Student: 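Let me give you the structure first, and then I'll get to my questions.
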Amino acid sequence: MAEIKKKRMATTSLAGCFGCHMSLLDIDERLIDLLQYVEFDRSPLNDLKVFTHRCDIGFVEGGCCNEENVHTLREFRKNCDVLVAVGQCAIMGGLPVMRNAIMHSDDPLKECLEEAYIDSPYTRNETQGIPSDPVLPLLLDKVYACYEVVKIDYQIPGCPPSGDVLFQTLTALILGKPEDLPGELIRYD
Ligand code: SF4
């Protein structure tokens, strides 16, 4: 990859567990080679919280549970040429999407919060209060996968995708040939 132009890359975690970012670190010593071709912009990996430049590649972990997730995802779409949904949470909501199954009442969000903070047999909540501080991001009516909010260019399945998969994906994107990613890498059956 000696004459490849260096790409600028951003990553973020929406409603995710950071496991997909841990997989990025699982690229291990190959990260050092990659850094010849990739410069990180906004990312939890360097603690940069705002875009400093437009990016070639954006990796998004997690789906959208609240309005802050939506805002961040739209910012990534606006600032990244190629946007990649990394992992099951980004692709279809992952574990948080289980709350979408709570649709028994006219107000499923209220029902979900009451189940989480008051009614669940595993909850100890002496005040019976539900967090409602205005600084908390507003919860959405349900959990949305990234593609339901913005256009996504590629989806990398797995929970999390392995470091090998992310390495090969990044290499393919750097080379401008993401369609060359071997299918067997992302098969789980
Ligand atoms: Fe975590 Fe798995 Fe979701 Fe990645 S896909 S953020 S590892 S739960």
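In each ligand, atom 1 is the first atom listed, and ligand 1 is the first ligand listed. On a predicted model such as this, the values are computed, not experimentally measured, just so you know.
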Student: Take atom 3 (Fe) of ligand 1 as the centre and count protein N, O or S atoms at distances under 2.8 Å.
Tutor: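 Under the 2.8 Å cut-off, the count stands at 1.
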Student: Taking the six-membered ring of Tyr144, is NZ or CZ of Lys142 closer than 6.0 Å to its centre and within 45° of its axis?
Tutor: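 Output yes; distance and angle both within limits.
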Student: Are the charged groups of Lys7 and Asp81 less than 4.0 angstrom apart, N to O?
Tutor: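 No salt bridge links Lys7 with Asp81.
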Student: Who passes side chain to side chain contact (heavy atoms under 4.5 Å, CB included) against Leu95, sequence neighbours left out?
Tutor: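 For Leu95, the residues satisfying side chain to side chain contact (heavy atoms under 4.5 Å, CB included) (neighbours in sequence not counted) are Met98.
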Student: How far apart are the C-alpha atoms of Asp164 and Arg30, what are their side-chain angles, what is the distance that settles it, and do they pass the salt bridge (Lys or Arg N to Asp or Glu O under 4.0 Å) test?
Tutor: CA-CA 10 Å; Asp164 284 345; Arg30 290 170 295 180; 2.8 Å; yes
Student: Which other residues end up in the same hydrophobic cluster as Leu48, if Ile, Leu, Val, Met, Phe, Trp and Tyr are linked when side-chain heavy atoms come under 4.5 Å apart?
Tutor: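 When side chains under 4.5 Å apart are linked, Leu48 ends up in no cluster with other residues.
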Student: Give the numbers and elements of all ligand 1 atoms closer than 4.0 Å to a heavy atom of Gly158.
Tutor: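 So the answer, numbered in order with elements, is 5 (S).
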Student: Write out all pairs satisfying salt bridge (charged side-chain N to carboxylate O under 4.0 Å, His left out) with one or both partners inside residues 36-47, taking only residues at least two apart or from two chains.
Tutor: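 Sorted pair list: Arg8-Glu39, Arg8-Asp41, Arg42-Glu75, Asp47-Lys49.
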